[in-house]
Amino acid sequence: MSKRLLLTNARIATLQGDALGAIERGAVVIEGERIAWVGEQKALPAEWHGVKALNCANGWLTPGLIDCHTHLVFAGNRADEFRRRAEGERYEAIARSGGGIVSTVSATRNATEDELSAQSSKRLKALMQEGVTSIEVKSGYGLDLATERKMLAVTRRLGKECKVHVATTFLGLHAVPKEFAGRRADYVQHVVEVMLPALHAEGLVDAVDAFCEHIGFTREETETLFGRARDLGLPVKLHAEQLSNQHGSALAARYGGLSADHLEHLDGEGIAAMRAAGTVAVLLPAAFYVLRETRIPPVEALRCAGVPMAVASDLNPGTAPVVSLLASMHMACTLFRLTPTEALRGVTVNAARALGRADHVGRIAAGLMADLCLWDIESPAELCYWLGGMKPSRVWFAGEER
Ligand SMILES: [Zn+2]
């Protein structure tokens with residue numbers, strides 16, 4: 001018989017329905033790796049009486065947190081560049097001396113799998129300390145087959161070694177590597193015809209993404225990739241409308257995209273397309289903050305249209321060296337004006353949807369994975385209110401205390 005645990009005397013944010021789905025004086029039964037029952041403690045069915053119990057002392061239980069957009073696996077960092085810019089050096093000079101994404105690509109290419117894994121697992125463990133139990137990680141700092149494979153393999157390995165669910169996303173169309181300088185069309189063809197099918201055949205790809213932007217790839221190039229992803233049966237998501245409106249969100253929606261991410265320049269047409277397709281709007285306030293952007297995503301219009309909104313860290317070495325999902329929730333409220341309930345939904349139920357895993361994680365409901373956080377707080381708004389200093393008192397991952 002699988003292991004059973006009864007959590008009693010809890011206030012529970014189930015995230016069922018369209019708000020917190022709160023239960024006062026609640027209880028949860030964990031059986032094996034899944035949630036077997038949740039409800040008011042006084043309604044606990046007789047079959048669960050006598051199960052080993054843990055008193056939650058009136059703390060709040062939430063689902064384990066989900067960071068649905070990260071670039072967590074990379075080698076090196078860009079602190080030196082950060083220092084040089086702060087000291088007044090121009091970006092162009094830094095780029096000429098090999099800075100920017102080029103430096104992360106070369107560090108990632110040069111790292112062994114063990115080195116890449118060790119550097120990345122530090123960041124992952126910091127996120128896990130905050131209660132993260134599921135994470136998406138994108139490739140895109142290899143830009144050649146061997147290194148993209150290494151990044152995705154490291155992500156899978158972290159998922160086996162750490163108590164966290166991982167989802168891999170292939171982001172070959174992140175930038176044009178130096179070997180293809182001046183030959184962008186050839187690089188797109190290489191990604192679509194060679195890299196994606198090979199990595200998919202090795203079971204390394206859960207979803208496909210691209211950087212659709214005037215400084216990235218065009219909508220037509222993105223569509224070539226999406227067509228191939230569809231042929232292979234892979235879901236798509238997209239970096240869209242971050243710096244300009246390329247109408248990428250509508251394209252992602254047309255391909256049944258799981259999510260369109262960033263969205264500072266999203267327009268009404270994009271919102272309507274996302275709504276119709278059920279595509280999640282993933283908001284990334286940490287990148288907005290680091291880049292000192294001024295135009296915020298159309299949150300009120302997304303809210304009115306009923307487009308589900310998720311919040312993620314976008315953890316990456318360039319535009320978001322932010323190793324904190326809770327800080328991202330705080331910024332979603334302060335910078336993007338989400339409510340604390342929306343921000344919490346953004347890292348649970350809606351983040352699960354953005355990964356295509358809403359039937360497995362993101363809510364506290366019978367049948368879902370028993371990924372749970374217990375917080376010593378007075379109300380769930382505290383998770384967004386504090387900037388720093390917050391962590392769960394207990395975390396369960398797949399039914400086991402972590
Ligand atoms: Zn990103």
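For ligands, and for the atoms within them, numbers begin at 1 and follow the listed sequence.
With sequence neighbours excluded, the residues that form a side chain to side chain donor-acceptor pair (under 3.5 Å) with Arg394 are Glu401. For Asn9, the side chain to side chain donor-acceptor pair (under 3.5 Å) criterion is met by Asn55, not counting sequence neighbours. The ring pair (Phe, Tyr, Trp, His ring centres under 6.0 Å) test applied to His190 returns Phe180, not counting sequence neighbours.
A cation-pi arrangement, defined by a distance under 6.0 Å to the six-membered ring centre and an angle within 45 degrees of its axis, is absent between Arg295 and Phe288.
Taking a cut-off of 2.8 Å, the protein N, O or S atoms nearer than that to the Zn ion (ligand 1) are His69 NE2, His71 NE2, His239 NE2, Asp314 OD1.
Under the side chain to side chain contact (heavy atoms under 4.5 Å, CB included) test applied with Glu24, the options Gln41, Glu40, Arg11 reduce to a single match, Arg11.
Environment of CD in Glu161: crowded, with over 12 heavy atoms of neighbouring residues, nucleotides or ligands closer than 6.0 Å.
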